[in-house]
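Read through the structure below, which is laid out as structure tokens, and then see the notes.
Lettering follows sequence order; numbering is per chain, from 1. Note: hydrogens, waters and symmetry copies are ignored here, and every other heavy atom, side chains too, is used.
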Amino acid sequence: MEYKVKIDAFEGPLDLLLHLIKKLEIDIYDIPVAEITDQYMDFIHQMQKLELDIASEYLLMAAQLIAMKSRMLLPKPELDQEDSDEPYEDPEMARQALMQQLIDYRQFKEAAEALKVHEGERMQLFAKPPTDLSEYENNDLTAIPIAGRATVHDMLHAFQRVILKHKLEQPLSTKIDRQVLPIGQQMSNVMDKLRKTNIPLSFQSIFLYTDRSHLIVTFLALLELMKMNAIVCNQSKNFDDIMIILGEGADNFEASEDSFDY
Amino acid sequence: MKQAKIRSIIEGLLYLTGEDGLTIDQISKVIPECSIQELSNQIEQMKMAYNQNESSGIMIVDMPNGFRLTTKPFMADYAEQFAVIPKTAPLSQAALETVAIIAYKQPVSRISIEEIRGVKSERALQTLMVKGLIKEVGRAEGSGRAILYGVTSLFLDYFGLHDLSELPPLVEMMKNQNEQMDAYDLFYDHYKETINELSE
Amino acid sequence: MKQAKIRSIIEGLLYLTGEDGLTIDQISKVIPECSIQELSNQIEQMKMAYNQNESSGIMIVDMPNGFRLTTKPFMADYAEQFAVIPKTAPLSQAALETVAIIAYKQPVSRISIEEIRGVKSERALQTLMVKGLIKEVGRAEGSGRAILYGVTSLFLDYFGLHDLSELPPLVEMMKNQNEQMDAYDLFYDHYKETINELSE
């Protein structure tokens, strides 16, 4: 099969076009409109055949490409027709505009790659939480000069972030995540983590992701493990972190991915 | 494993765990190829090295079954001098979020705050109490009788407000968000029109 | 003050402040008898000493306007075994592209970002806002008064950059240097402004 790449692999129509340009070894400064249009349409049709939901941006680009390609086939109109009702759109201008758009996008895509490298490097570095120096600290806020204080704007901004975070954590109504994380596998993950560190883990540290299905599967996995006595959960007082340790039944635990496939 | 490598791992872990410190067992789990005896030896030598190194402001001290890194005694004066420097951002993000929720929703319990923020907020509340920006204003009805919090007059003073009515209304903020949405919808509608035009 | 003493104080303070780090101003308030220049020199030499010392698992890294102590990169595996570190998921491709555009073109509106990327970017913007990597820096002129975005000092910290000038140059900008020189100068001036803003 020619196109093994899924539409999800692309960030949008420009990204897809850049992929095609690279694959076909086309010079980005001299894009053959007919060829790139055919290839692009091919891709879109393949996706439609697979009944994948194609975002409107991809269809808009398809329409633009087809319009450009068809205009290129038409002869250039005579000069005296210039002030007619239909203004003439020079397909060459459109081609140049698309080229510029692709070049602009490509350089930011490359910049994003560079940032990704920086991010990866930064994620390798860890620091301890700051030592609590409050015993020495001056807690008299009025001693802080006004210029050094937080402002109402800072506070509102903080609040806005809370609201955004809330909104962000709501599941997307348009996207259905079909990727199922088997409970058995998540049970194994939890057990592996406990065995590897061999120290009590906090309840929070088990939940690495905040998407709903992940939370539910992880929680069910913990319940199953408790039932099997493979783990024990402790909470020293109300609202304390729940700590998880290996239980007596831990040695008998051997889950396969499909052992709890519900 | 080379001696230098062992020491570097121990130093790194001691740094990360800070005041909590490490037990020798924990170190041994991370470097299983070393005997407990060898690890203890290395740590003893590291202790001496820190003590003798005049360029170093930190040292290793014993704790039950383990060790932790701390600043040398002479640092106390400097730590104090550092602590009293007025910080440019005296309220952390967590504290700002928490005090904003309290200002707009008071009287409000810790649990309500945590529901909104999605994270534990005990420490932020403590900080705000110590700084005098919030206070207990009562207890919730019901079994838990949870503490309810409100802002203080120092809060108004700190943020330069005469009274709470001067706080920007929340509706404004929401409206801005809606505006953003509207602008987006306009943009999107424009897209759809273009598609229709092109496909005609 | 002896050089060793200066270094020991700096090391002690770096240890205490951990991930918060220190600015050179703060150090200078604690050691007023040293010039900023001398303090910077000492820190540069300390950086080298940590890097060259194979028995050390820690090092000094730059952060916006300052420095902090972190574990060396090789420590990451050992550190993760401790599970003391909450693992954060890296940014998505969409968020990376969006933040790259904002970093290079700030102040910039959502619509400009979407024009460059060719796709909706609202969700990426929200993620970046929540992570504190971008902020509103103003409103565009004109009817829409669209929100303009810029990067925060946390952006620099997140990507381990000391300041915006460390961003890799955009390729195309270099290629068409002559043509775009004027535009570039403008762009660069704007950079400097933003840097100044961030360091305020």
Side-chain angles (χ1 to χ4, degrees), chain A residues 10-17 55-58 60-61 101-131 133 157 160-162 164-169 172 193-194 196-199 201-202 204-205 208-210, chain C residues 15-21 59 61 68-76 79-91 93-101 103-105 115-120 123 126-127 129-132 135-136 157-161 166-168 170-173:
Chain A
F10 299 103
E11 282 299 320
L14 295 174
D15 200 17
L16 172 54
L17 280 173
S56 57
E57 292 103 342
Y58 287 95
L60 174 61
M61 177 59 76
Q101 212 183 354
L102 283 168
I103 288 170
D104 283 348
Y105 173 65
R106 188 174 66 174
Q107 67 180 356
F108 285 110
K109 194 173 145 71
E110 280 163 4
E113 284 303 312
L115 284 180
K116 198 183 171 73
V117 173
H118 278 281
E119 180 190 46
E121 284 168 358
R122 178 68 183 83
M123 278 185 164
Q124 299 285 301
L125 308 182
F126 301 103
K128 81 187 240 305
T131 300
L133 294 176
H157 189 68
Q160 226 165 351
R161 269 176 63 182
V162 175
L164 277 175
K165 198 174 157 211
H166 238 295
K167 214 166 124 189
L168 211 59
E169 277 162 4
L172 259 182
K193 204 169 170 187
L194 279 165
K196 212 159 123 193
T197 56
N198 212 5
I199 51 171
L201 290 176
S202 78
Q204 296 254 350
S205 71
L208 290 181
Y209 306 97
T210 51
Chain C
Y15 171 75
L16 287 175
T17 51
E19 66 191 0
D20 280 357
M59 62 179 194
V61 295
R68 74 155 69 91
L69 216 51
T70 73
T71 50
K72 289 181 177 170
F74 85 85
M75 282 294 301
E80 274 161 17
Q81 286 184 45
F82 256 79
V84 282
I85 294 115
K87 228 176 136 57
T88 46
L91 291 176
Q93 187 63 28
L96 279 170
E97 285 179 11
T98 305
V99 81
I101 293 168
Y104 285 96
K105 301 215 121 190
E115 270 167 11
I116 294 173
R117 295 192 59 225
V119 284
K120 308 182 275 189
R123 214 171 159 79
Q126 285 188 346
T127 305
M129 282 292 261
V130 167
K131 293 209 169 206
K135 61 177 178 193
E136 290 185 31
D157 188 10
Y158 184 84
F159 290 105
L161 303 168
E166 282 184 30
L167 277 178
L170 288 181
V171 190
E172 210 46 41
M173 224 134 227

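Note on A:P130, A:A112, A:P129: by heavy-atom pairs under 4.5 Å with chain C, the leading option is A:P130. Top candidate by heavy-atom pairs under 4.5 Å with chain A, chosen from C:G160, C:G21, C:P73, is C:P73. Contact count against chain C (heavy-atom pairs under 4.5 Å) is highest for A:A111 among A:A111, A:G12, A:G120. The candidate with the highest count of non-hydrogen atom pairs below 4.5 Å against chain A, out of C:V61, C:L91, C:L96, C:T98, is C:L96.
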C:D157/A:R122 under salt bridge (Lys or Arg N to Asp or Glu O under 4.0 Å): CA gap, chis, key distance, verdict: CA-CA 8 Å; C:D157 188 10; A:R122 178 68 183 83; 3.3 Å; yes

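To the nearest 0.5 angstrom, C:D20 atom CG is 9.0 Å from A:K128 atom NZ. Summarising the geometry, atom CD1 belonging to C:I116 is positioned 10.5 Å from atom CG belonging to A:L14; distances are rounded to the nearest 0.5 Å. Here A:L125 contributes atom CG and C:M59 contributes atom CE; the two are 4.5 Å apart, rounded to the nearest 0.5 Å. The CZ atom of C:R117 lies 10.0 Å from the NZ atom of A:K109; values are rounded to the nearest 0.5 Å. Atom-to-atom distance recorded for A:Q101:CD and C:E115:CD is 8.0 Å, nearest 0.5 angstrom. The CD atom of C:E97 sits 8.5 Å away from atom CD of A:E113, with the distance rounded to the nearest 0.5 Å.
Closest non-hydrogen pair, C:P90 versus A:M123, comes out as CA-CE, 3.7 Å. Minimum interatomic distance between A:A127 and C:R68 (heavy atoms only, all atoms of both residues): CB-CD, 4.3 Å. Considering every non-hydrogen atom in both C:K105 and A:F108, the closest pair reads CG-CZ, 3.8 Å.
Heavy atoms of C:Y15 lying under 4.5 Å from chain A belong to its backbone as well as its side chain. In this structure, chain C has heavy atoms under 4.5 Å from both the backbone and the side chain of A:E119. Interface remark: C:L69 contributes backbone atoms only to the contact with chain A (heavy atom separation under 4.5 Å). Of the atoms belonging to C:T71, heavy atoms from both backbone and side chain fall under 4.5 Å from chain A. Within the 4.5 angstrom heavy-atom criterion, atoms from both the backbone and the side chain of C:M129 approach chain A.
Of the possible donor and acceptor atoms, none in the side chain of A:E57 sits under 3.5 Å from a partner among the backbone N and O of C:G118.
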